[in-house]
Structures are given as structure tokens and as C-alpha cells.
**Q** 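Sharing a structure here in C-alpha cells format.
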Amino acid sequence: MDKILLLGDEAIAQGAIDGGLSGVFAYPGTPSTEITEYIQASKEAKELGIKSEWSANEKTAMETGIGMSYAGKKAMVCMKHVGLNVAADAFMNSAITGTNGGLVVVSADDPSMHSSQNEQDSRFYGKFAMIPVLEPTNQQEAYDMAYYGLTLSEKFGTPVMIRVTTRLAHSRSGVVRKEQIPQNEMHLPGNHNQFILLPSMARKSYSGLLGKQSAFESDGESSGFNAFYDGNDKSLGIIACGLAYNYLIENFEDGKVPYPVLKIGQYPVPSAMVNTLYEAVDEILVLEEGAPLVEELLRGLLNRGKKIRGRMEGSLPRAGELNPNLVAKALGIEVEEGFEIPSVIKGRPPVLCDGCPHIDSFEALNDAMKPYGRGHVFSDIGCYTLSALKPLESIDSCVDMGASITMAVGAAEAGLSPSIAVIGDSTFTHSGMTGLLDAVVKQVPITVFILDNATVGMTGGQHSAALGRIEDICKGIGVEEEHIRVVKPLRRLHDENLAIYKEEIAYKGVSVIIPRRECVQTLSKRMKLKAAAKRNKK
Amino acid sequence: MKKDIILGGVGGQGILTIAATIGTAALLEGLYLKQSEVHGMSQRGGDVQAHLRISSKPIASDLIAAGKADMVIAVEPMESLRYVNMLNKDTGWLITSMNPFANIPDYPAIEDLLKEIWKLPRYITIDAEKTAKEAGSIRAANIVILGASAPFIGIKYQSLEQAIRKIFAKKGEDLINLNLKALKLGFDYAQKHR
């Protein structure tokens with residue numbers, strides 16, 4: 001078959017489609033978004049009837065995936081690394097229930113925090129849940145692992161995680177497809193108790209999961225994703241996980257590494273293979289993208305064996321993503337960088353787009369908050385978090401999806417007044433609604449701004465589950481109707497909006513202000529499509 | 001054949017179109033390709049870069065090693081300088097537009113930027129916006145830059161033309177011709193000034 005040019009994310013999507021997928025469930029999050037978008041845009045997936053609508057958040061996505069697996073079909077759930085925190089309850093317990101139809105969970109990590117608030121390493125979650133984890137080295141493996149992962153999950157009756165990182169997720173290369181596996185027919189689990197985690201039943205299921213561990217490990221020794229390459233120079237042995245393997249072989253002519261190398265692409269860590277390497281060499285260098293998971297296992301608490309080098313020991317930086325030069329330095333290879341970057345260069349941080357509705361929302365909010373000074377505005381995750389930077393400098397927090405409202409509640413309970421929350425429309429339906437319910441039940445005086453730009457903006461304009469529903473949701477939760485105010489964030493309406501802001505901030509109960517204007521990016525995309533449609537008609 | 005190319009610019013300036021065009025041309029010539037892109041937060045008016053690697057042999061790393069890039073291609077002068085540490089000191093070319101995109105308050109004086117660029121041993125600086133206007137639209141500035149890079153990429157000029165036809169196919173014949181003209185003007189300029 002011909003090679004097709006795919007992003008790592010797209011390769012995962014195509015691999016799952018070809019592996020017999022019946023549904024992908026996800027909430028957008030960089031660097032995972034393109035997996036689901038690829039399936040949504042795929043004609044083939046449409047013809048196959050593969051479900052691919054966005055979910056409200058990662059937890060609902062994960063549970064939907066478990067439900068599809070329960071009904072006997074193959075499902076994939078995709079999220080960014082911090083999304084797995086949201087899905088963690090469902091994720092951890094899916095390891096105990098096990099699967100009926102194959103279930104693959106893709107978690108896309110973001111070392112160096114290009115678009116994230118931390119750089120947690122999802123492999124720890126895989127280890128925590130005690131399920132197999134696949135970590136691709138390149139786009140072809142990303143395809144192969146999604147394809148294989150669905151089958152592996154069915155073989156063991158356990159969910160399988162695929163862990164990718166930003167560079168592979170967003171890098172394109174040629175991929176060869178395999179023959180398409182037909183989708184499963186719907187069929188219920190043979191054991192009616194499998195998905196009932198009552199303590200008595202959960203204990204049985206848990207012991208089943210414990211019993212599978214050695215089989216998981218031996219699968220990793222035969223699947224081909226873990227591989228041992230011998231080398232003549234035994235002064236050093238190298239363990240390279242996932243993407244780090246590329247940076248290793250990049251440093252040697254024609255990829256010929258003189259040292260023995262163990263490439264790890266499937267976890268649990270293949271202990272027999274690690275042992276073979278350990279016995280053969282004087283010391284070991286561990287190359288892994290993310291946290292030092294393998295290195296820490298090898299060193300142990302006492303670190304009394306052969307020397308283990310890596311991120312903990314200091315041969316590589318403890319934080320941030322790897323690159324060919326960092327690996328070269330760890331190998332003692334001299335690196336000559338290019339020209340010195342002149343000091344005249346200035347940083348160019350991301351900014352809100354020209355004409356962005358958030359700018360007008362925050363300019364009015366800044367004016368409304370002038371009498372109180374800084375320290376009152378709790379914000380959330382989205383484009384509007386950029387209001388933390390100059391020139392707006394409007395907000396005082398950004399922790400996790402939904403935390404704006406609940407932090408405002410906590411601070412108000414401590415006596416902060418006024419206490420303001422700022423959250424986007426999609427973040428509100430992702431994780432803000434329950435916090436608003438807390439506020440209403442506790443009757444805490446906070447003002448919540450739900451910035452409604454009618455899309456998931458930061459990740460490129462995906463459908464927002466909040467679209468057309470925000471007022472009804474707020475009413476339903478119990479916010480008084482007269483304190484749900486919709487405004488249009490425009491410069492010419494600044495004074496009018498400011499007056500409304502001031503009124504609601506002064507109100508000693510829960511109030512919601514909804515500045516509503518479409519994202520300029522999605523608006524211009526829509527206009528372009530409209531113009532193109534018009535042209536085609538002619 | 002092996003070329004490691006860093007592409008730099010500001011979100012929305014069309015560096016991914018340059019990458020896609022070179023990538024498509026590379027595939028037409030049967031070469032291996034890895035192209036790492038930037039998505040997400042940095043799209044919002046921030047600096048963006050892409051790593052493009054083409055080779056007649058399989059490619060390992062998605063990222064280019066600092067000091068090993070054969071070219072820096074930039075659609076903005078300050079962004080071109082941001083990646084000079086990536087250039088191979090002995091052979092690397094820097095090709096950039098001279099038109100600043102000043103969306104920050106402390107944007108340096110353009111003279112200071114050009115002075116730094118002109119210190120490099122191998123560079124092409126071109127008024128891409130003016131040249132693009134000559135071709136028919138200021139929006140083809142990125143293709144002018146691609147044209148100015150064409151003599152150094154190691155891919156046949158005809159392959160790049162073919163790639164442009166492919167990539168702009170849906171946009172109609174007028175836009176294809178406009179971009180082909182922009183490519184040619186950039187190419188001629190670089191041939192004259194290299």
C-alpha cells in the first residue's frame with residue numbers, strides 16, 4: 001500500500017479506524033485534538049458509521065467509551081494529559097471492570113508545557129491502573145499501536161493506554177496502512193457482574209487484573225514494540241523510551257549505535273529485557289520523554305547497583321522535553337550550536353486576536369474592579385487566560401478546568417468580597433456547572449462571568465456543548481433569573497456593560513453575566529466558507 | 001540528499017503552507033519527510049516554528065538538532081533571528097522577509113534587526129510584501145519567501161510548482177497562477193542576490 005502523510009495524532013486515528021473502531025469519545029485539548037478531528041472529517045469513518053461527536057468533558061468521554069466497550073464494540077477515548085485527571089475516576093475503575101469490546105485510552109502529554117499548566121507523565125497513570133501502555137516512537141508506530149491496541153485490549157479484556165507527546169502528536173510523516181478489521185457486532189458481556197464494582201465483585205475483578213500482570217509483560221516481549229539491539233561497546237547500555245529513541249539514533253551515522261540499546265514502546269517495563277541489558281553493560285543511560293519513570297524504577301530507593309544515568313542523576317535535564325542535542329550531550333558527543341541569538345530579539349507571547357470579544361469583556365471588568373484593586377478575579381482554562389498577561393492583567397488564577405467558580409466560592413467563604421469567576425462557555429459545561437450549583441446551594445455572593453464565544457476557541461474552534469444552553473442551565477441550577485444578564489462585549493457598549501457589571505458585582509448573592517459574541521476566528525472561517533459556497537454556485 | 005529546514009514566523013503568516021508545499025514537492029520526488037508543526041496556544045499571535053526534514057534516507061528525529069539546520073526560512077525578520085542558533089555555521093542559509101510584524105510594544109527597530117541578519121555569512125533578505133503585491137496579492141508573501149528559498153532547498157523548481165498547483169487546486173486557476181508568479185519573483189530575486 002502507498003504511504004499517506006499523517007500527523008502522529010492522525011496516524012492514531014487512522015490506525016483505530018482500520019482496527020475496527022466503532023466510536024471515538026473526547027474533549028478537545030492540545031496536543032490530542034487532531035485525533036478526533038481526523039475521524040470527524042474522515043469520509044471513510046462516516047461511511048463506517050463511527051461515532052465521533054465531542055463529549056462534554058474527559059470523564060463523560062471515558063465513561064461513554066466504557067459503555068461502548070460494555071456493549072461489545074471497540075471504542076477509543078482521547079484527551080490531553082491533564083484531561084486524564086478529569087477522567088481518572090472512570091479510568092482507574094475501567095481497569096478493574098475490564099473490557100468487553102476493545103478499549104483504547106489515548107493520553108497526549110505536553111512536556112515543556114507548550115500549551116498546558118503542567119507536564120505530568122501519563123505513563124504513571126498506566127502503571128497506577130496496572131494496564132498495558134503503548135508509547136510510539138514514530139508515526140508508523142502510532143498507527144500500528146492504535147490498530148494493535150484495540151485487539152490487545154480485547155485479548156486481555158483490559159483497557160490499553162497509548163501515550164504520545166507533543167512532538168509526535170504534531171509531526172507528520174509517511175504511514176502505511178493495514179487491512180481494515182470489521183467492527184464488532186453489539187454483544188453483551190458474558191459475565192453479568194463484570195461491570196458491577198460492588199466490593200464483593202470488585203475484589204474478584206481486581207484479583208483478575210493482578211493475575212494478568214505477567215501476561216502483560218510477556219506480551220511486551222513478543223509484540224515487537226520492545227526491542228533489544230546489541231552493540232560492541234559494553235561500557236554503556238541505553239534504554240530509550242518512545243520518541244527518545246529517535247533522538248538517540250539521530251546522533252549516530254546511519255543510526256548505528258555502538259552501545260547495546262533497549263527500545264521500550266510497551267509497558268509494564270519489560271524486566272527480563274532490562275535485566276539482559278543490565279548484566280551486559282557497565283552503566284545504563286535512560287532516555288525518556290517526560291518524567292524519569294524507568295530511571296526511578298532502575299535506581300530504586302537505595303541506588304546501590306551499577307550507575308544509572310538520566311534525568312534524576314543529572315545527565316539530562318529533570319524537566320522539559322528532550323531533543324537530539326540534549327541526548328548528544330548525555331552521550332558525551334560534542335555539540336556545536338549555530339550562531340549566537342542576538343540580544344535585540346524580543347519575546348513574542350501569544351495574545352488575544354484583534355477584535356476578540358474577550359478583550360472588550362476584560363476592559364469592562366478591569367474598570368468595574370478598579371475600586372477593589374487586584375486579587376479578586378479567579379479565571380479558568382481557555383483563550384481568556386491570556387488576560388493574565390499585559391496589557392490586560394485582569395485575572396489572578398488559572399488552575400484547572402472549572403476551578404474559577406469553585407475557587408471564587410472558597411475565597412468568598414473566607415471573606416473575599418467581591419469574589420469574581422471568569423470562565424468560558426465550553427469550560428463551563430466541561431466542569432463549571434457543578435461549581436455553580438455549590439455556589440447556589442451555599443448562597444455565596446459571587447459573580448460569574450461566562451464568556452460565551454460560542455466555541456472551544458483555544459484548540460481551534462470545536463463545537464461547544466454550551467451552545468444555546470447557558471441561560472437555561474444557570475436557571476435550572478437555581479440562579480435567579482433577574483441575576484442572569486446577557487451583554488454584548490463591544491467597545492461601543494462599554495459604558496452600558498460596565499453599569500451592568502457594577503450592579504451584579506454589588507449584588508450579595510449568586511449572579512451570572514454572559515458576555516456573548518462569536519469568536520473572531522470561527523466567524524471569519526464561517527464567512528470564508530460562505531463566500532466559497534457562493535463562488536461554487538456561480 | 002538531506003535538508004533540515006527551520007520555518008519561523010508569527011501565527012497566521014502561512015509558514016505551514018510553505019512547509020506543506022516543500023513537503024508535497026519532496027514526496028513528488030520520492031523523498032522521506034518529517035514535518036513537526038506547532039498547534040494550540042502559540043497560534044494566537046505568538047511566535048511559531050516548524051521543523052521540516054527531507055532526505056533520501058529514512059529520518060529519525062522529528063526535531064532538528066541545534067547547529068545542524070541547512071536553512072532558516074522566515075516570514076518575519078525578528079523571527080528569522082530567533083533561530084540562528086539552529087543554523088549550521090559552515091553551510092546554513094537564512095532566508096527571510098524584511099517586513100516586520102510588530103504586534104508587541106517593544107518590537108526592535110528594523111534597522112537593528114537587518115544589521116544582525118546581514119552579519120551572517122549566507123542570507124537572503126527580501127521585501128516579500130512588495131514582491132507579493134507585484135505578483136497580485138500581499139497574501140502571497142509566504143510563497144515569495146518560498147521562492148527565495150527555492151535555490152537552496154535541493155528540490156527541483158518544477159516540483160515546487162507542481163506542489164503549488166496541488167495545494168491551491170481547490171482555490172481556482174487565478175490563485176494558482178498568482179502563487180506561481182510569487183514563487184518565480186522570489187526565486188529570481190534570490191538568484192540575483194545570493
Side-chain angles (χ1 to χ4, degrees), chain A residues 3 5 7-8 29-31 33-34 110 114-116 138-139 166-174 243 245-251 254-255 321-325 328 335-342 344-354 356 383 386 390-391 458-460 521 532 535, chain B residues 10-12 19-20 23-24 27 32-47 51 57-69 72 78-79 81-89 92 94 101 103-109 112-113 115-117 119-120 170-172:
Chain A
K3 272 191 184 171
L5 199 56
L7 290 177
T30 312
T33 313
E34 293 78 9
D110 190 19
H114 296 283
S115 313
S116 310
N138 53 41
Q139 292 76 358
T166 308
R167 288 299 164 186
L168 180 56
H170 288 168
S171 172
R172 232 175 262 283
S173 194
L243 204 59
Y245 180 73
N246 298 342
Y247 301 144
L248 171 66
I249 61 173
E250 181 69 27
N251 277 295
D254 290 325
E321 58 180 346
L322 298 175
N323 62 44
N325 283 7
V335 174
E336 200 197 350
E337 290 218 351
F339 302 98
E340 198 181 325
I341 298 174
V344 62
I345 299 297
K346 297 285 183 289
R348 197 188 306 254
V351 289
L352 291 169
C353 308
D354 279 341
C356 173
C383 287
L386 294 173
K390 277 185 177 138
M458 189 61 123
T459 46
Q521 294 290 344
R535 265 205 311 276
Chain B
V10 181
T24 305
L27 288 186
Y32 288 94
L33 163 77
K34 273 200 174 174
Q35 179 205 324
S36 118
E37 313 178 346
V38 174
H39 296 223
M41 198 162 205
S42 20
Q43 286 178 329
R44 307 275 169 256
D47 59 277
H51 291 221
K57 286 188 200 163
I59 301 159
S61 169
D62 299 80
L63 292 178
I64 297 165
K68 297 277 178 68
V72 167
M78 185 172 82
E79 294 311 319
L81 284 169
R82 201 183 294 284
Y83 306 110
V84 291
N85 67 319
M86 302 299 289
L87 271 178
N88 184 317
K89 271 186 172 167
L94 182 139
F101 186 91
N103 64 341
I104 47 169
D106 53 350
Y107 193 91
D112 295 343
L113 294 171
K115 210 164 70 192
E116 291 293 341
I117 296 171
K119 278 185 202 162
L120 297 170
K170 279 190 192 152
K171 307 237 166 130

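Labels below follow one simple rule: chain letters A, B, ... track the order of the sequence lines, proteins then strands, and each chain is numbered from 1. The structure presented is a predicted model; accordingly, all values stated were derived computationally and were not measured.
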**Q** Out of curiosity, B:Lys34 NZ to A:Leu168 CG, how far, rounded to the nearest 0.5 Å?
**A**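 Going from the NZ atom of B:Lys34 to the CG atom of A:Leu168 covers 7.5 Å.
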
**Q** So what's closer than 4.5 Å to chain A heavy atoms on B:Tyr32: side chain, backbone, both or neither?
**A**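 Contact with chain A involves the side chain of B:Tyr32 alone.
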
**Q** Rounded to the nearest 0.5 Å, what's the gap from CG on B:Leu63 to CG on A:Asn325? Could you check?
**A**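 Separation between the atoms: 10.0 Å.
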
**Q** Side chain, backbone, both or neither: which part of A:Glu340 has an atom under 4.5 Å from a heavy atom of chain B?
**A**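 Backbone of A:Glu340 only, per the 4.5 Å heavy-atom cut-off to chain B.
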
**Q** Output all residues satisfying side chain to side chain contact (heavy atoms under 4.5 Å, CB included) with B:Lys57, sequence neighbours left out; order by chain, then residue number.
**A**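 If we apply the side chain to side chain contact (heavy atoms under 4.5 Å, CB included) test to B:Lys57, skipping adjacent residues, the hits are A:Asp254, B:Ser55.
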
**Q** What is the distance from atom CZ of A:Arg348 to atom CD of B:Glu79, rounded to the nearest 0.5 Å?
**A**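 Those atoms lie 4.0 Å apart.
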
**Q** Can you name the residues that form a side chain to side chain contact (heavy atoms under 4.5 Å, CB included) with A:Leu5, not counting sequence neighbours?
**A**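 With neighbours one apart ignored, the set is A:Arg172, B:Leu27, B:Leu33.
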
**Q** Give the member of B:Pro105, B:Pro108, B:Gly172 that has the highest number of heavy-atom pairs under 4.5 Å with chain A.
**A**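 Sorted descending by pairs with chain A, the first entry is B:Pro108.
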
**Q** Between chain A and each of B:Lys119, B:Met86, B:Glu116, B:Arg82, count heavy-atom pairs under 4.5 Å; write down the option with the most.
**A**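 Sorted descending by pairs with chain A, the first entry is B:Arg82.
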
**Q** Could you look at B:Ile104 and say if it's the side chain, the backbone, both or neither that has a heavy atom under 4.5 Å from chain A?
**A**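 Side chain only.
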
**Q** Answer yes or no: are there more than 12 heavy-atom neighbours, outside A:Asp354 itself, under 6.0 Å from its atom CG?
**A**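 Open: at most 12 neighbouring heavy atoms sit under 6.0 Å from CG of A:Asp354.
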
**Q** Quick one: pull up CD1 in A:Ile345 and CG in B:Leu113 and give me the separation to the nearest 0.5 Å.
**A**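 Reported value, rounded in 0.5 Å steps: 6.0 Å.
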
